Amino acid sequence: MKPATKFKELVAVFEQLEATASNLKIMDLLADFFSHITPEEARLTAYLLRGKVAPDYEGLELGLAKKLVMRSLAQAWGTPLKEVENRFQKTGDLGDVAARIAPQREGGELSIQEVFAELQTIARASGARSQEVKIQILAALLSRCSPQEAKYVTRIVLGTLRLGVAEMTFLYGLSKALTGTKEKKAILENAFNVLSDLGEVAYQAVKKGVEALQEVQPVIGIPIRMMLAQRVKDLEEVKKHLPGQVIVEYKYDGERIQAHISKQGEITLYSRRHEKITHQFPDIVAALGRALQGKEAIIEGEVVAIDPQIGKLQNFQILMTRRRKHGVEEYVRKVPVKYFIFDILYFEGKSLLKTPLSQRKEVLTRHFPDSDGLTLAKYIMTGDVEEMEGFFAEAIEQGGEGVVLKDVTSIYEAGTRGWKWIKFKKDYRRELADTFDLVVVGGIYGTGRRAGTYGSLLVAAFNPETNKYYSFTKVGAGFTDQELARLPDRLAKYNLPEKYRLVETQIEADVWFEPALVMEITGAELTISPVHTVAKEELKKGGLALRFPRFLRWRDDKSPEQATTVQEIYELYTSIRR
DNA sequence: TGTGCCTGCCC
DNA sequence: ATTCTGC
DNA sequence: GCAGAATGGGCAGGCACA
């Protein structure tokens, strides 16, 4: 019987990982650690690495993030909350804050199991005063830690270990530890893709060896990690990756659902991240029950909200009102949905993961005739770019997001974002995307690798009638590291002690700016916002905002008065509204 | 009982 | 979701 | 090109608190 591994030992590995950039070195460090821990400790380490205490499909959450963790830090060492906040603002990492304010002490009394058990208790706390309980438990745990231990406990809870190690690297390290080479990671990855439980894979691998995981098969009731698509800027580019015949399929703007139907007719629905969402869609469950009639299957598709009057596809925002636990029946009537099935991974006792897509599609067409609430996703088969363009235009016209192009010969590559599936949306192509020239009015401090600069900027449109600026979105994507590093200097001269009086927004920025700088921004589409204020008066139900915003470039040639106007955005909204 | 903050999870 | 970056 | 780590809008649910 091995002695329980100390949390301190894991922390020592973390320290080393944090200091190394080389992937190979990282794998060696992990491998070294894995080779002297028990199967159960390997399981727990896997969960801790992801900032979780269970696989996703068990739905057990810590329910404690930045704000409550800050309160825990304050409580653990009697530091004023204000000071914790200030330090966080400066360093951008609560783990580092914890390490700084924790008093020097040896540590080493905690084992991995004990730390895990405490976090599990936090996760299980619920009901009145449970927030206080969670904070208390974490604070007590932290107070038993050395500064280094406290740093990683904090980061684990926040799910931001920032070590350059996530699931794949973990599996490489495990492979190396157990087989002496990283090459067997493929076996582990395959097992992970089918079991969707990194901890379970780690446990079994350490216990029975990597080879024992060779033939892991899908199980009804355990979600399979979903295959994802790469993206291209243009349909021409598809030819580079998929030269032959491809399936061109509507890309629906809804929620991905993997449905498991057992022989006994038990049905479970899983979201893309393996949350059980069966209770949200009794209508889909009923439709699947009727369609399958005792056959077992795992199928995949997209649920989309449908306009009850005319049957047209509705936008994502409307579907989101169905992500609920109360009043489900009412919303089944109010927001009807349709399940657009596009794949089948298991049927009648057989895994179809290795069956070519063309055959999986045949199974679908043979066994899933359209019915109330169920339809097969619309697609064509072609190798001709012109035809793809036409179908893409049709998909957009019908209310789709774009198209997904799929290699007809490809197997289902669970969990990977490979080139066998390629997505193409309108906003990926510069000429088709809407762009906006917006005024920078606020900044939000960055965290982690963006510590010391801004993580995002609050930008606004101009209204010449009121002479005011109306917030439209925050942008944090699209900046290079170099650009990010320049931001504080570039913006410093416009710094204000408080929000500029002519800026309208309900967002709280860390730093406010005088409207001066203009930047070009693109995004996918307009949404109705509870916090942004563009065209808020005209719309009544909220302001307009931008989904998936990203920075393109500065427009130093433009003054803030020459920025995109509120009126222009509102017109865009009314013109494309469906 | 109503409201607002916080969190987790969809995209 | 999108984007950037080091390996 | 992979894997990881930054970042967005916005919804419902749970809890704290007035």
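Letters A, B, ... are given to chains in the order of the sequence lines, protein chains preceding strands, and every chain is numbered from 1. Quick caveat, the model's predicted, so the values are computed rather than measured.
- Rounded to whole Å, the separation between the C1' atoms of C:dA1 and B:dG8 comes to 15 Å.
- Checked against a 6.0 Å centroid threshold, the rings of A:Phe14 and A:Phe33 do not count as neighbours.
- Between A:Thr473 and D:dG9 there is a side-chain N or O to OP1 or OP2 distance below 4.0 Å.
- Residue contacts shown for A:Ile528 are limited to sugar-phosphate atoms, with no base heavy atom under 4.0 Å away.
- Within the nucleic acid shown, A:Phe479 comes within 4.0 Å of sugar-phosphate atoms alone, with no base atom in reach, counting heavy atoms only.
- Of the candidate nucleotides B:dC9, D:dA12, D:dG10, B:dC9 has the atom nearest to the side chain of A:Lys52.
- Cation-pi contact between A:Lys406 and A:Phe342: present, with separation from the ring centre below 6.0 Å and deviation from the ring axis of at most 45°.
- Proximity of a side-chain donor or acceptor of A:Thr574 to a complementary backbone N or O of A:Tyr570 within less than 3.5 Å is detected.
- Here the side chain of A:Ala128 is nearest to one of D:dA16, B:dG8, C:dT2, namely D:dA16.
- Across all strands shown, A:Lys134 has no heavy atoms under 4.0 Å from either base or sugar-phosphate atoms.
- Among the nucleotides D:dG1, D:dG4, D:dG9, the one closest to any side-chain atom of A:His241 is D:dG1.
- Listed pair A:Lys251 / C:dA1 meets the phosphate criterion, a side-chain N or O lying under 4.0 Å from OP1 or OP2.
- Close to B:dC11, at under 4.0 Å from its OP1 or OP2, lies no side-chain N or O of A:Arg273.
- Looking at heavy-atom distances under 4.0 Å, A:Gly254 makes contact with sugar-phosphate atoms alone, never a base.
- Nearest to the side-chain atoms of A:Asp253 among the listed nucleotides D:dT7, B:dC11, C:dT5 stands B:dC11.
- Both cation-pi conditions hold for A:Lys185 and A:Tyr172: the charged atom is under 6.0 angstrom from the six-membered ring centre and inside a 45 degree cone around its axis.
- When each of D:dG13, D:dA16, B:dC11 is scored by its nearest atom to the side-chain atoms of A:Arg324, the top-ranked nucleotide is D:dG13.
- Judged by distance alone with a 3.5 Å cut-off, no donor-acceptor contact links the side chain of A:Arg129 to the base of D:dC15.
- Applying the 4.0 Å criterion to OP1 and OP2 of D:dG10, one finds that A:Thr527 has a side-chain N or O inside that range.
- Where A:Leu544 and A:Gly455 each meet DNA chain D at their nearest nucleotide, the meeting point lying more 5' is that of A:Gly455.
- The nucleotide whose nearest atom lies closest to any side-chain atom of A:Phe548 is, among D:dG4, B:dC11, B:dC10, B:dC11.
- In this structure, CD of A:Glu525 is placed 11 Å from C1' of C:dA1, rounded to the nearest angstrom.
- For A:Phe392 and A:Phe424, the distance between ring centers is under 6.0 angstrom.
- Here the C1' atom of nucleotide D:dA6 and the CG atom of A:Leu161 are 16 Å apart, to the nearest Å.
- Neither OP1 nor OP2 of D:dG13 sits under 4.0 Å from any side-chain N or O of A:Lys325.
- Atom C1' of nucleotide B:dC6 and atom CD1 of A:Ile122 are separated by 16 Å, given to the nearest angstrom.
- Between A:Ser22 and C:dC7 there is no side-chain N or O to OP1 or OP2 distance below 4.0 Å.
- Within the 4.0 angstrom heavy-atom criterion, no nucleotide atom of any strand lies near A:Leu319.
- Look at CZ on A:Arg550: it is 17 Å from P on B:dC11, rounded to the nearest Å.
- Residues A:Tyr428 and A:Leu24 both approach DNA chain C. Their nearest nucleotides, taken by heavy-atom distance, put A:Tyr428 toward the 5′ side.
- Using a 4.0 Å heavy-atom distance criterion, A:Leu163 is classed as a sugar-phosphate-only contact.
- Summarising the geometry, the separation between CD on A:Glu189 and P on D:dG4 is reported as 10 Å, rounded to the nearest angstrom.
- Spacing between atom NZ of A:Lys233 and atom C1' of C:dT3 amounts to 10 Å, rounded to whole angstrom units.
- Sequence order on DNA chain D of the closest nucleotides to A:Gly327 and A:Arg162 puts A:Arg162 first from the 5' end.
- Ranking D:dG10, D:dG1, B:dC11 by closeness to the A:His532 side chain, first place goes to D:dG10.
- Minimum atom distance to the side chain of A:Arg323 is reached by B:dG8, of the listed B:dG8, D:dA3, D:dA16.
- The A:Ala65 side chain lies nearest to B:dG8 when the options are D:dG13, B:dG8, D:dG9.
- When ring centroids are compared, A:Phe170 and A:Phe34 come within the 6.0 Å threshold.
- Residue A:Arg231 places at least one side-chain N or O closer than 4.0 Å to OP1 or OP2 of C:dT2.
- Rounded to an integer number of Å, the gap from CG of A:Leu158 to C1' of B:dT7 is 12 Å.
- For D:dC2, the OP1/OP2 oxygens have a side-chain nitrogen or oxygen of A:Gln230 closer than 4.0 Å.
- Using a 4.0 Å heavy-atom criterion, one finds that A:Thr160 contacts no nucleic acid atom at all.
- Checking C:dT2, D:dA16, C:dT5 against every side-chain atom of A:Thr480, the shortest atom distance belongs to C:dT5.
- Between A:His532 and A:Tyr470, a ring centre-to-centre spacing not shorter than 6.0 Å is recorded.
- Among the heavy atoms of the strands lying under 4.0 Å from A:Lys185 are primed sugar atoms or P, OP1, OP2 only; no base atom is included.
- Using modelled atom types, one side-chain atom of A:Thr522 and one backbone atom of A:Asp434 make a donor-acceptor pair closer than 3.5 Å.
- Residue whose closest nucleotide on DNA chain C sits further toward the 5' end, between A:Arg449 and A:Glu401: A:Glu401.
- Protein atom NE2 of A:His274 is 10 Å distant from nucleotide atom P of B:dC10, rounded to whole Å.
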